[in-house]
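These notes are about the structure you will find just below.
Labels below follow one simple rule: chain letters A, B, ... track the order of the sequence lines, proteins then strands, and each chain is numbered from 1.
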Protein chains: 2
Amino acid sequence: MGTGLDLPLDSVLRGDCIESLKRLPPASVHAIFADPPYNLQLKTELRRPDDSLVDGVDDAWDRFDDLATYDRFTREWLTECRRVLRRDGTIWVMGSYHNVFRLGVALQDLGFWILNDVVWRKSNPMPNFRGRRFTNAHETLIWAARGEESRYRFNYAAMKSMNDDKQMRSDWLIPLCTGNERLRGPDGTKLHPTQKPEALLHRVILACTAPGEVVLDPFLGTGTTAAVAKRLGRRFIGLERDPGYADAAEARLATIEPLSESVALALPAKREQPRIPFGALVERGLVPPGTKLWDRHRRWQAEVGVDATLRCGRVAGSIHQVGAAVQEAPSCNGWTFWHIERRDGTLRVIDELRAELAPGS
Amino acid sequence: MGTGLDLPLDSVLRGDCIESLKRLPPASVHAIFADPPYNLQLKTELRRPDDSLVDGVDDAWDRFDDLATYDRFTREWLTECRRVLRRDGTIWVMGSYHNVFRLGVALQDLGFWILNDVVWRKSNPMPNFRGRRFTNAHETLIWAARGEESRYRFNYAAMKSMNDDKQMRSDWLIPLCTGNERLRGPDGTKLHPTQKPEALLHRVILACTAPGEVVLDPFLGTGTTAAVAKRLGRRFIGLERDPGYADAAEARLATIEPLSESVALALPAKREQPRIPFGALVERGLVPPGTKLWDRHRRWQAEVGVDATLRCGRVAGSIHQVGAAVQEAPSCNGWTFWHIERRDGTLRVIDELRAELAPGS
DNA sequence: GGCATAGATGAATCACAAT
DNA sequence: CATTGTGATTCATCTATGC
C-alpha cells in the first residue's frame, strides 16, 4: 500500500521506543524482535498506573505497583508493535522467568497468536553461586503471529537444513555472547549488560523472514538484531533511547557487509517451488497414456488416461482422488502414493519424475 | 503446629479439587506439584504424513470457554494451594505455551516468589507434522516459594550428585512416559492422555522435600506424583475428580514399595552427548555463510549458504547430500569429506571444527 | 530364539492457492 | 468470503510380526 516509503529503513531511531513506534506506518514490518528491559532498572524508566512518574529511590513501591507498572509498559509497546506489524508478520519477544510470563499473557490478551515458545539453552551459563536454586541456564523466546488466522512465514526447510536435516526443535543450544563478539569500551568493560549472541539472531531472522524484508527491534541496545539483519540481506529499523548504545550500534553497523544474494538466499522449500501438474508428465511422454501405476505394495493398480486422469476399476479422477478412493482415505498425495515400474521390474515413485521437469535440470 | 493430624495422608481424595483443598488445614503441606489442564484448544483433527490420525487431547476437562475463565479457575485453585502450603514450602506448576504464561502471572500476582523456571526437554517429542512450526519439544515447570521471604528447602547436594557432580541446570532432558511405564487399559489404550514420566517427579520431589514430608498433587490423574512420593519415602495427598483415574491411581499405589534414600539418590540424571549440527558452525561464525569448502584433493568446491546448505553448481543440499552428489556416490560423510582453507592455504577437515564445539574441549 | 523389518504413537493451539 | 482441489508433511522409541 505504499506505506514503505515512510519507513526509516536501515537506521537507528533515538528516543523513547513507544514514541518512535507511533511514528511508524501501520502494517509495515515483516518481523519484530524485542528483548525488553526488566528487573529493577525498570523502576527508573516507568510510570505508575496513575501515570505519575516513578521515583527510582521510592521505597514505598510494593510488589503490586511494580508488576502493574511493568504490565502497563509491556502492553503499551506491544500494542504499537502489533499496529506496525504486517498481517503476515511475526514477533519474537524474549525474557527470563522474572518477566516472560507477563510478556506471554500480554501477547495473548492483545490478540497475538503464540506459535512456539523457544528455549535458548546457554552452553556456558553463570553458575548459581549461593547454591539455593537450579543454575538458571536458559531464557525463553516467544514466537507469535499477529493473529490466529495469520498466514505467517516459517522457513521450514532452512531450519531443517540448519539442524542436519531434522526438524528444528523448540530448544536451542547457543553460547553466551563472549570473546571478540562482545562489544567493549576502551577500558575493556562490556558496553551492554545483556548483549545477545549473533547466532541467536541468525536463527531467529532466518526462520521467519526473506531477504529484503524488514526487521524491527524496539529495544536495539548495541545493535545485534540490526547487525545480523544487515548481514543476512534484510532491512532493519532499530529503536534505542540510550545515546551511548545507539552510538555503539551505529558504529557496529558501519562495519557489517551484507552477504552476497546467492549466499543469503536459503534453499526454497518444496511448497515454494513452482507446481508441476501430473498432466505435464503425460504430455512430455514421461508417463505416456496407458501407463500402469502401482502403489508401493502393489496392492492397487491404475491406468493413466490421455487426459492425465487415473482409472482403477470403477474409480476415475486425479492421481490424488484415485489414491484416496482406493485406500478409502480422506485424502492422498498421489505424487508419493503412485509408482511406475522400471524395466527391471522395480518401482519408482512418480514424484521423482517431477524433478526431471524442474527448471535447471 | 499440629495441623498434620488433620491431614488425610497417603490417600486419594475424590471430587472437585478446589472443594477438597478447602477442607485441608492451612500451612500443612511441604510441597505441591500441579499439572493442571492446559486448555489446548485443538480445532481440527491432525493427521501424520502417513495419514494416520493423531490421538490428541480432546477431553472435556481440558476445555475452557475463554482465557478469562481459565484465569479464574487458575487463581481459585492456586489461592487454595497457597493457603495449604507451609510457609517454608514450595510449589511446582507445569504447562506448555498455551497456558504456562497465565500460570506464571497468577503465581506472581498471588504473592508466590518464583525461584526457577525449569524446562523439561523431551528426548522423543512428537514431530510437527505439517512443517509449520518448530517441533514443540519441551514443557515448562515453574518452581516457586510461598513468598519472597520464605526459607524454602533446596537439596542442592542431591541435585548436584544426580548431575555428575555439576550444578543441576534449569533444563532437564527426560523421555516421555511410554512403554511399560505407561498405564493402559485392558484394550491396550492409554488410561490417561497426559501421564507424566516418573523420572520427572523423581527429580522434582528429591529437589525440594525430605523423607517424611508431605507432597500434595491437586490434579493427581493416574497418580505419578503419589507413586514417586511413596517410593521416595514421602507422604502424599492426591486430589482427583475423575473416578476412573482415581481408581487407577489407587491400584498403582498399592504396588509401590518405598525405597531407601541411598538407593533413590543413585539414580543419575540422563547424560547427554550433544550432537553438533553443521548449522551450529555456520551461525556461530566458525564457518560463515559464503565460505568455500573443498574436498581433500580440491577436485570439488562448494559454497556455504546462510541455512547451512552447500551449493556446488546445480547441486544444493546438506554437506552430506552434496558430497555424495559430486562423487556420484550413494552416501557420504560430509564431516570428513569437506575442508576449509587455512590462511596459509592448507586444508583442514571440518570435522575438527565440530570437535572444538564439543563439551570438554 | 535371534534378528530384521514394519507398525504404532506421544499435551498439537499443524495449508493454501485457485475459483 | 466461502468452497474446492492440490499436495506438503515426521522423530525417537517401543511393540509386533516374520523369517
Side-chain angles (χ1 to χ4, degrees), chain A residues 88 108 112-117 144-145 147-154 156-157 160 163-170 269-279 296-297 317-321 323-324 330-338 350-351 354, chain B residues 35-59 61-64 67 94-100 120 122-140 173 175-182 184 188-190 192-197 219 221 275:
Chain A
D88 57 355
Q108 290 180 311
F112 289 100
W113 191 246
I114 297 180
L115 300 168
N116 279 111
D117 58 332
E148 183 173 354
E149 307 298 333
S150 300
R151 293 204 189 165
Y152 57 93
R153 167 183 286 274
F154 175 52
Y156 175 75
K160 191 172 174 178
N163 192 37
D164 276 358
D165 286 331
K166 280 184 292 191
Q167 286 191 342
M168 187 69 82
R169 297 170 38 121
S170 55
K270 210 171 175 183
R271 62 164 63 90
E272 290 173 304
Q273 291 165 359
R275 291 188 175 187
I276 295 172
F278 184 61
R296 195 163 62 98
H297 303 292
S318 72
I319 53 172
H320 316 293
Q321 291 167 338
S331 68
C332 169
N333 181 349
W335 289 109
T336 52
F337 181 73
W338 294 109
I350 59 174
D351 195 45
R354 269 200 298 187
Chain B
D35 182 22
Y38 285 11
N39 190 24
L40 284 186
Q41 310 161 64
L42 304 178
K43 292 192 177 60
T44 58
E45 66 175 24
L46 177 65
R47 286 175 180 274
R48 297 183 172 82
D50 65 5
D51 254 338
S52 62
L53 198 59
V54 174
D55 182 17
V57 178
D58 54 359
D59 306 70
W61 51 255
D62 196 51
R63 285 196 289 270
F64 293 81
L67 289 175
M94 74 178 292
S96 66
Y97 66 85
H98 312 84
N99 69 323
V100 76
W120 169 28
K122 303 175 184 183
S123 55
N124 49 349
M126 179 153 33
N128 184 291
F129 295 115
R130 309 306 294 262
R132 297 298 299 142
R133 303 179 176 195
F134 299 99
T135 304
N136 194 4
H138 74 275
E139 294 185 34
T140 302
L173 182 68
L176 295 170
C177 178
T178 58
N180 284 335
E181 191 187 325
R182 190 87 192 208
R184 296 177 195 282
T189 58
K190 55 193 176 194
H192 193 283
T194 69
Q195 186 182 340
K196 295 296 172 291
F219 306 97
R275 191 177 48 82

Is the shortest side-chain N/O distance from Ser318(A) to OP1 or OP2 of dT6(D) below 4.0 Å? yes
Side chain of Tyr38(B) only, please: which of dA11(C), dC11(D), dA12(C) is the nearest? dA11(C)
Would you indicate what Ile114(A) reaches in the nucleic acid, counting non-hydrogen atoms under 4.0 angstrom: base, sugar-phosphate, or nothing? base
base_contact_polar (dA12(C) base, Asn136(B) side chain, donor-acceptor, <3.5 Å): no
Closer than 4.0 Å, any side-chain N/O of Lys160(A) to the OP1 or OP2 of dT9(D)? no
For Asp35(B), which contact category applies under a 4.0 Å heavy-atom criterion: base, sugar-phosphate, or nothing? base
Would you say a side-chain N or O of Arg151(A) is under 4.0 Å from OP1 or OP2 of dA17(C)? yes
Which whole-number value in Å describes the distance from Asp55(B) CG to dA8(C) C1'? 12 Å
For a quick check of understanding: with a heavy-atom distance under 4.0 Å over all strands, which category does Thr194(B) fall into, base, sugar-phosphate or nothing? base
For Arg47(B), report the nucleic acid contact type (base, sugar-phosphate, nothing); a contact means any heavy atom under 4.0 Å. nothing
Within the 4.0 Å heavy-atom criterion, would you say Cys332(A) contacts the bases, only the backbone, or no part of the nucleic acid? base
What's the CD-P distance between Gln167(A) and dA8(D), to the nearest Å? 17 Å
Measure from NZ or CZ of Arg132(B) to the centre of the six-membered ring of Tyr152(A) and say whether it is under 6.0 Å with the direction within 45° of the ring axis. yes
Identify whether the distance between the nearest side-chain nitrogen and carboxylate oxygen of Arg63(B) and Asp58(B) falls below 4.0 Å. no
Under 4.0 Å, counting only non-hydrogen atoms across every strand here, what does Pro197(B) touch: a base, just sugar-phosphate, or nothing? nothing
Sugar-phosphate, base or nothing in reach of Arg271(A), heavy atoms under 4.0 Å: sugar-phosphate
Between Lys196(B) and Asp35(B), is the salt bridge (charged side-chain N to carboxylate O under 4.0 Å, His left out) condition met? List the steps. CA-CA 9 Å; Lys196(B) 295 296 172 291; Asp35(B) 182 22; 2.9 Å; yes
Integer-rounded Å distance: dG10(C) C1' and Glu139(B) CD: 11 Å
Here the pair of heavy atoms bringing Thr135(B) nearest to Met126(B) is CG2-O, 3.5 Å
Distance between the C1' atoms of dA12(C) and dT9(D), in whole angstroms? 14 Å
Whole angstroms only, please: what is the CZ-P distance between Arg182(B) and dG10(C)? 6 Å
Using a cut-off of strictly less than 4.0 Å, decide whether Arg275(B) has a side-chain nitrogen or oxygen near OP1 or OP2 of dA12(D). no
Using the side-chain hydrogen bond (donor to acceptor under 3.5 Å, both in side chains) rule, take Glu139(B) and Ser96(B) through it: C-alpha gap first, then chi angles, then the decisive distance, then the call. CA-CA 5 Å; Glu139(B) 294 185 34; Ser96(B) 66; over 6 Å; no
If you look at every strand shown and take non-hydrogen atoms under 4.0 Å, does Lys43(B) touch a base, only sugar-phosphate, or nothing? nothing
Looking only at side-chain N and O atoms, does Tyr156(A) come under 4.0 Å of OP1 or OP2 in dT10(D)? yes
In terms of the nearest nucleotide of DNA chain D, which residue is placed more toward the 5' end: Asn124(B) or Gly131(B)? Gly131(B)
Can you check the distance between dA11(C) and dT15(D), where both ends of the measurement are the C1' atom (answer in whole Å)? 23 Å
Tell me whether the side-chain N/O atoms of Lys190(B) come closer than 4.0 Å to OP1 or OP2 in dT9(C). no
Closest nucleotide of DNA chain C for Pro193(B) versus for Arg132(B): which of these residues is on the 5' side? Pro193(B)
Length of the line joining Phe64(B):CZ and dA11(C):P, which is rounded to integer Å: 18 Å
Could you tell me whether the side chain of Pro330(A) reaches within less than 4.5 Å of the side chain of Arg47(B), counting heavy atoms only? yes
Can you measure Ile319(A) atom CD1 to dA8(D) atom P for me and round it to whole angstrom units? 10 Å
Could you work out the separation of dC19(D) and dG1(C) based on their C1' atoms and round it to a whole Å? 12 Å
Kindly say if Asn180(B) contacts the phosphate of dT15(D), meaning a side-chain N or O under 4.0 Å from OP1 or OP2. yes
Given the structure, check if the side chain of Arg354(A) and the base of dG7(D) hold any donor-acceptor pair shorter than 3.5 Å. no
Given dA11(C), dT9(D), dT10(D), identify the nucleotide with an atom nearest to the side chain of Lys270(A). dT9(D)
Starting from P on dA12(C), measure out to CZ on Arg169(A) and report it in whole angstrom. 14 Å
Distance test, side-chain N/O of Gln321(A) to OP1/OP2 of dT6(D), below 4.0 Å: yes
Glu272(A) bridged to Lys270(A) by N-O distance under 4.0 Å: no
Starting from the 5' end of DNA chain D, give me the residue, Lys166(A) or Ser331(A), whose nearest nucleotide shows up first. Ser331(A)
May I ask you to verify if any side-chain N or O of His320(A) is less than 4.0 angstrom from the OP1 or OP2 atom of dG7(D)? yes
Using 4.0 Å as the upper bound for N to carboxylate O, is an ion pair formed by Lys160(A) and Asp165(A)? no
Pair assignment for dA11(C), Watson-Crick or G-U wobble, requiring both distances under 3.5 Å: none
Phosphate contact (dA15(C) OP1 or OP2) by Arg130(B) side-chain N/O below 4.0 Å: yes
May I ask you to say what Pro125(B) touches in the nucleic acid, namely base, sugar-phosphate or nothing, with a heavy-atom cut-off under 4.0 Å? base
Under 3.5 Å for both donor-acceptor distances, Watson-Crick or wobble: does dT9(D) have a partner, and if so which one? none
Polar side-chain atom of Asp62(B) near backbone of Tyr38(B) as donor-acceptor pair, under 3.5 Å: yes
Pairing partner (Watson-Crick or G-U wobble, both distances under 3.5 angstrom) of dG2(C): dC19(D)
Candidates dG10(C), dT13(D), dC11(D) - which lies nearest the side chain of Ser123(B): dT13(D)
Can you tell me the distance, in whole Å, between the CG atom of Leu53(B) and the P atom of dG7(C)? 18 Å
